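Each remark here refers to the structure printed beneath this line.
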Amino acid sequence: MSRHGQLGAVAVRQASDALPRHATALETVSVIVPESAVEAYEAAFASVCGTVGLFVVDERNRTWRIEGVKDRGEHNASLDLALAIAEAATGHAAALHREATASEGWLARTYAAFPEQRIGRSFAVRGEHLPPAASPGRITLTLDAGVAFGSGEHGSTRGCLRALERVAVRRRRRSLARILDLGTGSGILAMAAARLLGRPVLAVDIDPWSVRTTAANARRNRLSTRVRAGLADGWASPAVRRAAPYDLVFANILARPLCRMARSLADHLAPGGTAILAGLLDEQARAVLAAHRRCGLTLDFSLQEGRWTTLVLRQRR
């Protein structure tokens, strides 16, 4: 996601119906917070902003910049309230910065910054603004160019897709019958698994916007019958637990939530099942792996994409 700056973007998401296509006045609002406060402040920005981005500011001290784009002068009271709630929840007070954002040509710049992404040997990810084109020998996934989160540019997404094709080669596909994409975002991993493995996938997220986006992308790729998008708070959701045990689980989120959910993942992964974990800086991978090893999972293999690590774990048979 280099188009968003040189600070190492982790995720940038954009609800295409949240910002007018021909907005006349936009502003960017931002805060800098420690990693422990990222989730709460991201949720605060997402409540009023059409696009929300997370960027690593200082890898050593684990500080992040969260920024969002919204209509200038709109929803200020709602944003102030949401930030106050985030402060109360985390104990961290973050100074809010505002700057005007040029809106003219905004959509064209978004399109220009989203070329086709060829990932591994199996996948091609394209914006629907691009002219139809065949990618021989590849599974083509089409996304709205206005949805940058999970577009295939970021190392964590690319690592998950490369891990998926490797798992598909190493395991019999018919053994990967029950699949979960936890924190689905754009639905790209769920769609890739559904297309590559020919299996249904449960794709869940705590964010209603992500659920709508996943459902829309599944329709766009004619995968509505295979990808079931749902609103769920991770393993706390009865619907997610009822569908267990899973043969394959994706969790492309952040290090802290992955560590907290290690026991639940182990409890709901089928014997011999595989978990693909991502969203990890290289230096965070060891702690995440240790948390899951304590719960009985073993490391199958790992992949690197730049500074990002993808862990592929197995449940003992």
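In this text, all values refer to a predicted model and were calculated from it rather than measured experimentally.
The shortest distance between side-chain heavy atoms of Leu303 and Thr309 does not fall below 4.5 Å. The shortest distance between side-chain heavy atoms of Glu27 and Val69 does not fall below 4.5 Å. Residues Leu281 and Trp308 are in side-chain contact: their nearest non-hydrogen atoms beyond the backbone lie under 4.5 Å apart. Put simply, the side chain of Arg293 reaches to within 4.5 Å of the side chain of Leu299, judged on heavy atoms. Contact annotation: the side chain of Thr214 never approaches that of Asp205 to less than 4.5 Å [non-hydrogen atoms, C-beta and beyond]. Using a 4.5 Å cut-off on side-chain heavy atoms (C-beta onward), Leu143 and Val125 make contact. Looking at Asn252 and Asp181, their side chains never come closer than 4.5 Å, going by heavy atoms from C-beta outward. Side chains of Leu26 and Arg72 form no contact here, defined as non-hydrogen atoms less than 4.5 Å apart.
Of all heavy-atom pairs spanning Leu189 and Cys160, the tightest one is CD2-CB, 3.6 Å. For the pair Ala86 and Ala40, the tightest heavy-atom approach, listed with the atom from each and the gap, is CB-O, 3.8 Å. The heavy-atom pair separating Val29 from Cys49 by the smallest distance is CG2-SG, 3.9 Å. Heavy-atom minimum distance, Leu79 versus Ala44: CD1-O, 4.2 Å. Taking every heavy atom of both residues into account, Asn217 and Thr142 meet most closely at OD1-O, 4.2 Å. Closest non-hydrogen pair, Ala192 versus Phe123, comes out as CB-CE2, 3.6 Å.
Between Ile179 atom CD1 and Arg226 atom CZ the span is 10.0 Å, to the nearest 0.5 Å. Ser30 OG to Glu99 CD: the interatomic distance, rounded to the nearest 0.5 Å, is 6.5 Å. Between Thr90 atom OG1 and Ile85 atom CD1 the span is 11.5 Å, to the nearest 0.5 Å. To the nearest 0.5 angstrom, His292 atom NE2 is 9.5 Å from Leu269 atom CG.
Hydrophobic clustering places Leu176 together with Phe301 (ILVMFWY residues linked when any side-chain heavy atoms are closer than 4.5 Å, directly or through intermediates). Cluster annotation: Ile139 is connected to Val201 through the hydrophobic network of ILVMFWY side chains, with a link wherever side-chain heavy atoms come within less than 4.5 Å. Following chains of ILVMFWY side-chain contacts shorter than 4.5 Å, one can reach Leu196 starting from Met191, so the two form part of one hydrophobic cluster. Leu141 and Leu197 fall within the same hydrophobic cluster, where Ile, Leu, Val, Met, Phe, Trp and Tyr residues are linked whenever their side-chain heavy atoms come under 4.5 Å apart, directly or through other members. By the criterion of side-chain heavy atoms lying less than 4.5 angstrom apart, applied directly or through intervening Ile, Leu, Val, Met, Phe, Trp or Tyr residues, Leu297 is grouped together with Trp235 in one hydrophobic cluster.
Ring geometry for His92 versus Tyr41: interplanar angle over 60°, hence perpendicular rather than tilted (30 to 60°).
Counting non-hydrogen atoms of neighbouring residues, nucleotides and ligands closer than 6.0 angstrom, the CZ atom of Arg138 exceeds 12 such neighbours.
Side-chain N or O atoms of Arg316 include one that pairs as donor or acceptor with a backbone N or O of Gly296 at under 3.5 Å. Here the side chain of Arg314 pairs a donor or acceptor atom with the backbone of Gly272 at under 3.5 angstrom.
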Name the atoms and distances for all side-chain donor-acceptor pairs under 3.5 Å in residues 163-170, with sequence neighbours left out.
unit_1	atom_1	unit_2	atom_2	d
Glu165	OE1	Arg121	N	3.2
Glu165	OE1	Ser122	N	3.0
Glu165	OE1	Ser122	OG	2.6
Glu165	OE2	Arg121	N	3.2
Arg170	NH2	Asp300	OD1	3.0

Between side-chain atoms of residues 253-267 and protein atoms elsewhere (two or more places apart, or another chain), which donor-acceptor pairs fall under 3.5 Å?
unit_1	atom_1	unit_2	atom_2	d
Arg256	NE	Glu35	OE1	3.1
Arg260	NH2	Glu39	OE2	3.2

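Scored by the side-chain contact (heavy atoms from CB on, under 4.5 Å) test, Glu305 finds Arg158, Arg162 as partners (sequence neighbours excluded).
With Val204 as the fixed residue, the side chain to side chain contact (heavy atoms under 4.5 Å, CB included) test singles out one of Thr184, Leu231, Leu180: Leu180.
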